[in-house]
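Below you'll find the structure, written out as structure tokens, and then a few comments.
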Number of protein chains: 2
Amino acid sequence: MEKQRKAPRGTRKRDVPLSEDGIYATALQLIDADGVEALTMRKLATALDANPMSLYHHVPNKEALLHGVATRVGSQFREGKQEDIPWQDRMRQLALDFRALAHRHPKLMEYSFARADYVQPEDPFWQGLTDTLAAAELPASEIPRVAASLCAVFTGLLLSELTGALQRWTTLPPAPADTDGEGTPPPAEDVVDAMFSFALDAVVAGLESHIARTRKEP
Amino acid sequence: MEKQRKAPRGTRKRDVPLSEDGIYATALQLIDADGVEALTMRKLATALDANPMSLYHHVPNKEALLHGVATRVGSQFREGKQEDIPWQDRMRQLALDFRALAHRHPKLMEYSFARADYVQPEDPFWQGLTDTLAAAELPASEIPRVAASLCAVFTGLLLSELTGALQRWTTLPPAPADTDGEGTPPPAEDVVDAMFSFALDAVVAGLESHIARTRKEP
DNA sequence: ACCTGAACACCGTTCAAGT
DNA sequence: ACCTGAACACCGTTCAAGT
């Protein structure tokens, strides 16, 4: 009767059966557009031109849906440069590559960072991080803890950037209100870039100092 | 500090008119008990023995309610030790004091850290942080950016601890799956404490190196 | 096997009406 | 001024019924 593969007219988005991948993909689109808190099972269904209840045949519930979107995006991470560079440079590059991913899906990543359920052991990011620490000749027994600490630090920096807190804090007055002529400093983006460079340099310096310390007293 | 006038009979919690402070206080109690996502205007009202709509005479909406709870708790921060200690020690102590506050209201702080709207310029934490950086003889022009970066880093560490990500990451396999006899390492708490010490040492070392660098080339 | 309509048990919030 | 009942416009999810 109403076979209608490929709607000859009309603008329906779906002439293909629902699939897990399709659901996750358009969920990500909606999140990119309006943020996680605006995503609704019902809105997602209409975007897929489906009945809201049909989604539950492919995804157990909303929480699992969001988790799935988050881990899929997290696994998209790719390292930009080769690995035959000093570990300090690779560490910096790793963080900047992750920042680039965060900039590609800021609304989702803000949610992901808060849950901190995005890094999976098989993700290239975790692999790159542990590889780099091994290249730095950090004792193998310390690698998991140090890698986890670094994840936490990167999470904090990126989350603070995405929420705007980093920029806001930067414009808070120092201890004594030093009200001179200058109002707000240069545009926020350059400042944030500079803060990342500073923070990454400090992280690398801190790591170097830690490695030197542990080498003295094994 | 829940003095609560003591109802003469009956078990109603409220024999006193609604007040902003009372609303925030019991909201915090409910959050501590069941988490932010379980807090509902309607549940809060019944906990206050009030009609849900009465709340809107004291608080504009739910978002403002949560923001109010978050900033009130953030402003409760107090420094433990005196300020006449080396800046390195004070910096570490500052972070540990903040961690203690986070442990007092973990459910709320998890929410707060994700929004990153808890640090206010007049908060003792921000004051202590900028004071400490000044004591480290960091150039005044750099203090806001460095303080903001440190806030972001502490946020990441504490948030990752509260969500459990820090513990989870620590048990992820390093690069090559090194499956020996050992299952899970010692209890998680000690490990997290140790990770905080490590991270704080690294942060201090990174700061020292940054200060030394900027002193060379002014 | 996959989809769906109706319904349930909730939400936050508006608004006109009470005292 | 402060409070409230009823109502509105949503939610996520269950379930029995359709194809």
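Just so it is clear: chains get the letters A, B, ... in the order the sequence lines come, proteins before strands, and each one is counted from 1. Everything numeric in this text was worked out from a predicted model, so none of it was measured.
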Query raised in the report: Does a donor on one side chain sit under 3.5 Å from an acceptor on the other, for Q127(B) and D131(B)?
Result: no
Report task. Determine, for nucleotides 13-19 of chain C in 5'-to-3' order, which nucleotides have protein heavy atoms under 4.0 Å from the base (write B), from only the sugar-phosphate (write S), or from neither (write -). Result -> BB-----
Requested in this report: Give a yes/no on whether any side-chain N or O of T40(B) is located under 4.0 angstrom from OP1 or OP2 of dC10(C).
Outcome: no
Report summary line: note: E37(B), atom CD; dC10(C), atom P; distance rounded to Å ~ 17 Å
**Report entry** Non-neighbouring partners of R72(B) that pass salt bridge (charged side-chain N to carboxylate O under 4.0 Å, His left out), sequence neighbours left out
**Finding:** D21(B)
Query raised in the report: Is the CD atom of E63(A) crowded by more than 12 outside heavy atoms at less than 6.0 Å?
Result: no
Query raised in the report: With no hydrogens and no angle check, is any side-chain donor or acceptor of S19(A) less than 3.5 Å from a backbone partner on G22(A)?
Result: yes
Query raised in the report: Would you call D193(B) and R99(B) a salt bridge, taking side-chain N to carboxylate O under 4.0 Å as the test?
Result: yes
Report task. Ignoring hydrogens and angles, tell me if any N or O in the side chain of K107(B) forms a donor-acceptor pair with the backbone of E37(B) under 3.5 Å. Result -> no
Query raised in the report: Rounded to the Å, how far apart are L48(B) CG and dC2(D) P?
Result: 16 Å
Query raised in the report: Backbone N or O of F125(A) within a donor-acceptor pair of the D123(A) side chain at under 3.5 Å?
Result: no
Query raised in the report: Are Y118(B) and T155(B) close enough, and set up right, to give a side chain to side chain donor-acceptor pair (under 3.5 Å), and what steps lead you there?
Result: CA-CA 10 Å; Y118(B) 56 100; T155(B) 294; 2.5 Å; yes
Requested in this report: Go through the structure and list residues passing salt bridge (charged side-chain N to carboxylate O under 4.0 Å, His left out) with R92(A), not counting sequence neighbours.
Outcome: D89(A), D201(A)
Query - Residue S54(B), side-chain atoms from C-beta onward, closest of dC3(D), dC3(C), dC11(C) - result: dC3(D)
Report summary line: Under the rule of Watson-Crick or G-U wobble with both distances under 3.5 Å, where | means paired to another strand and [ ] a crossing pair, DNA chain D maps to ||.|||||...|||||.||
Could you pull out all donor-acceptor pairs under 3.5 Å where a side-chain atom in residues 24-32 of chain A meets a protein atom, sequence neighbours excluded?
{"from": "D32(A)", "atom 1": "OD1", "to": "H105(A)", "atom 2": "ND1", "distance (Å)": "3.0"}
{"from": "D32(A)", "atom 1": "OD2", "to": "H105(A)", "atom 2": "ND1", "distance (Å)": "2.9"}

Query raised in the report: So which heavy atom on W126(B) is nearest to which on A147(B), and how close?
Result: CH2-CB, 3.6 Å
Report task. Measure from CG on N51(B) to C1' on dA7(D) and round the result to the nearest Å. Result -> 13 Å
Report summary line: Numerically ordered, the residues 108-118 of chain B set in heavy-atom contact under 4.0 Å with DNA chain C is none
Query raised in the report: Taking atom C1' of dT4(D) as reference, at what distance in whole Å does atom CG of D49(B) sit?
Result: 14 Å
Query raised in the report: So, is H58(A) near the phosphate of dC2(C), with a side-chain N or O under 4.0 Å from OP1 or OP2?
Result: no
Query raised in the report: Tell me: CG of L65(A) to P of dC11(D), nearest whole Å?
Result: 15 Å
